[in-house]
Amino acid sequence: MKACLALFLACVILCKTFAINSIDTIPDLSPDVTVPVTTNTVSLQNPNCYFQNAALCPDKTQCFVWLVSSLTSATSTYDQNKLTNGFFAPYTSAYTSIGADYSTTLINSLDKIPCPGISPSNFLVGAGGNCQTSDCNGVLPTGANMSFKYILVSNTKGILAETQWSSNIALKNVQSPDSIGNSYAGRSAAMVVITTILSVAVALLLLLLLIALILACCCRRGKTQTHEVRRQPSLIGSLRIPSYDVHHLKNPSPYDNPAYEQDLNKKRYTTNSTLPQKTTTVITHVHSSDPDNITLQKM
């Protein structure tokens, strides 16, 4: 009797196993996302065109695509339990000491999954955060090694088809702030060399600018002083005589205008000398027998 019962259970398991169509498709990371793997989320390609065979589900509104998320070490456990316990695995008890190491998440009904897919064509596993519903899209264990598969489920017949398990996907670990290097030990040698060269170049540039500024100030000051010396007027007595530079000469020197010297002489003559007395000469009589010799008598 026991032998017959065991044989019957084996037949049921085999029938269920062969009833599930295995699709030769492996879920992969989405190429539309720059960082598809984080500490607790994974971006997978959408199951577009995975289950479009009309023989699998004639009425697409009655078939639904689910995602199975499992620790890589628990994939075989799920494959065994789905035959007896069904495909569904609640998220609320997953990845805990009392629950299983896998969970299932509803993607959508088959009629709402386009083929071909639209861009961006990705499904973010863990987008629901720390949700509490049984079939929610909750976050994954931080730093865990995960594997994924898509399954097609009918409301009346159970699992109709499933993909292969994805390859092992390692989630990232959260680093402690103490582990992050804060000195040159955590930097590459090339970065240190480039930083040093740039620092030296900036220092030399600032030095050259400072020298150029000092030279410009000194030269300007010297030219100003020389110009003031050359532009000082000449003094002759109490008279100032303006001077100017002869720019076409190689070594110009102040030049005094002679016209001012004549004015100065006139001034001296007027102030220091006695003007001659005005005299008048009157011709009263001319005594001469020779027209060429005329004698004038001054009165």
Margin query: Looking at N48 and P114, would you say the former's side chain and the latter's main chain have a donor-acceptor pair under 3.5 Å?
Written below: yes

Note to self: Once rounded to the nearest 0.5 Å, what's the spacing between atom OH of Y102 and atom CE of M146?
What the structure shows: 12.5 Å

Notebook entry, point to check: Judged by atom type as modelled, is there a donor-acceptor pair below 3.5 Å linking the side chain of S121 to the main-chain atoms of Q45?
Noted result: no

Next item on the list: Please confirm whether the backbone N or O of F148 pairs with a side-chain atom of S166, one donor and one acceptor, at under 3.5 Å?
Entry: yes

Notebook entry, point to check: Do you reckon V42 sits in the same ILVMFWY cluster as V33, going by side-chain contacts under 4.5 Å, direct or chained?
Noted result: no

Checklist line | W66-D135 side chain donor-acceptor pair, cut-off 3.5 Å | finding: no

Check: Taking atom types as modelled and ignoring hydrogens, do the side chains of T142 and N40 form a donor-acceptor contact shorter than 3.5 angstrom?
Finding: no

Check: Which pairs pass disulfide (SG to SG under 2.5 Å) with one or both residues in residues 85-117, sequence neighbours excluded?
Finding: C49-C115

Note to self: If I take atom CG from residue N137 and atom OG1 from residue T105, how far apart are they, to the nearest 0.5 angstrom?
What the structure shows: 5.0 Å

Margin query: Quick check on the hydrophobic clustering: are I169 and L124 connected, directly or via other members, by side-chain heavy-atom contacts under 4.5 Å?
Written below: no

Item checked: Backbone of D32 reached by a side-chain donor or acceptor of S30 within 3.5 Å -> yes

Notebook entry, point to check: Side chain of T163, backbone of Y150: donor and acceptor closer than 3.5 Å?
Noted result: yes

